[in-house]
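One structure below.
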Amino acid sequence: MTTEDLRAIYRDYIACLNSQDWPNLGRFVDDAVIHNDRPFGLAGYRAMLEENFADIPDLYFDVRMLLCDPPHVVSRIWFDCTPKGSFLGLAVNGRKVTFAENVIYQFHDGKIVQVWSIVDKAAIEAQLQGH
């Protein structure tokens, strides 16, 4: 798989997330996907994403940086959203917050098989404290 192929697959994956096109998630995510070293499987991964959108109705994945080194994709995703209640253990409760997620994906046969994700929780905490 070329860098451009991987880039295109990843952008289509992000479009799938942003449109909440859950029936097509399996086109991009492997049945045995692992997220932060936890075996989720496709059903668990989909459930996690559906819960994210339920908790954050205005959730939108805005890719700000995309690096490809097959079979890996590294992405910095920006969020400007309004979680309804608690998010990452923080009482956001309808306040608008902005933060980044740094994520590494490993692909195999054109599908995501592993995800390592770090969300900038400190940025959210600073906003909630008024800094």
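None of the values given here were measured: they were computed from a predicted structure. Residues take their numbers from the sequence shown, with the count starting at 1.
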Which word best sums up how the rings of F99 and F87 line up, parallel for under 30°, tilted for 30 to 60°, or perpendicular for over 60°?
tilted
Backbone N/O of S117 and side chain of E101: donor-acceptor pair under 3.5 Å
no
Give the C-alpha distance, both sets of side-chain angles, the deciding distance and a yes or no for side chain to side chain contact (heavy atoms under 4.5 Å, CB included) between L17 and L25.
CA-CA 8 Å; L17 298 185; L25 187 62; 3.9 Å; yes
What's the spacing between W78 CH2 and R76 CZ if we round to 0.5 Å?
6.5 Å
Mind checking the CG-NZ spacing from L42 to K111? Nearest 0.5 Å is all I need.
7.5 Å
Side chains of R7 and Y10 in contact at under 4.5 Å (non-hydrogen atoms):
no
Check the angle between the aromatic planes of Y13 and Y105 and answer parallel, tilted or perpendicular using the 30° and 60° thresholds.
perpendicular
Where is the tightest heavy-atom contact between L128 and R95, given as atom of each residue plus distance?
O-NH1, 3.1 Å
Count the heavy atoms belonging to other residues, nucleotides or ligands that lie under 6.0 Å from CD1 of I118, then report whether that count exceeds 12.
no
Contact between Q106 and I34 at the side-chain level, heavy atoms closer than 4.5 Å - yes or no?
no
Do M65 and F107 land in one hydrophobic cluster if side-chain heavy atoms of ILVMFWY residues count as linked below 4.5 Å?
no
Taken to the nearest 0.5 Å, the spacing of T98 OG1 from I124 CD1 works out to 8.5 Å
What pair of heavy atoms forms the shortest contact from C81 to I56, and how long is it?
CB-CG2, 3.6 Å
Cluster link L88 to M48, ILVMFWY, side chain under 4.5 Å
yes
K84 side chain to A54 backbone, donor-acceptor under 3.5 Å
yes
Taking R27 for its side chain and D12 for its backbone only, find out whether a donor-acceptor pair lies under 3.5 Å.
no
N102 vs V74 side-chain heavy atoms within contact, under 4.5 Å:
no
Evaluate side chain to side chain contact (heavy atoms under 4.5 Å, CB included) for D37 paired with Q114, printing each intermediate quantity in order.
CA-CA 8 Å; D37 296 327; Q114 187 138 355; 3.4 Å; yes
Spell out, yes or no, whether F40 and I104 are grouped together once hydrophobic residues are joined by side-chain heavy atoms under 4.5 Å, including indirect joins.
no
Linking I/L/V/M/F/W/Y whenever their side-chain heavy atoms sit closer than 4.5 Å, directly or via other members, would L6 and F61 fall into one cluster?
yes
Any side-chain heavy-atom pair from T2 and P70 closer than 4.5 angstrom?
no
I112 reachable from I14 in the ILVMFWY side-chain graph, under 4.5 Å edges
yes
Please check if the number of heavy atoms outside H108 that lie under 6.0 Å from its NE2 is greater than 12.
no
If you round to the nearest 0.5 Å, how far is CD1 of I9 from SG of C16?
13.0 Å
Would you mind reporting whether D62 and D80 have side-chain heavy atoms less than 4.5 Å apart?
no
Is L49 close to W22 at the side-chain level, that is, under 4.5 Å between some pair of heavy atoms?
yes
Y60 and F79: ring-ring contact (aromatic ring centres under 6.0 Å, His included), yes or no, with the steps?
CA-CA 6 Å; Y60 182 81; F79 298 96; 8.9 Å; no
How long is the straight-line distance from NZ of K121 back to CG of L90, given to the nearest 0.5 Å?
5.0 Å
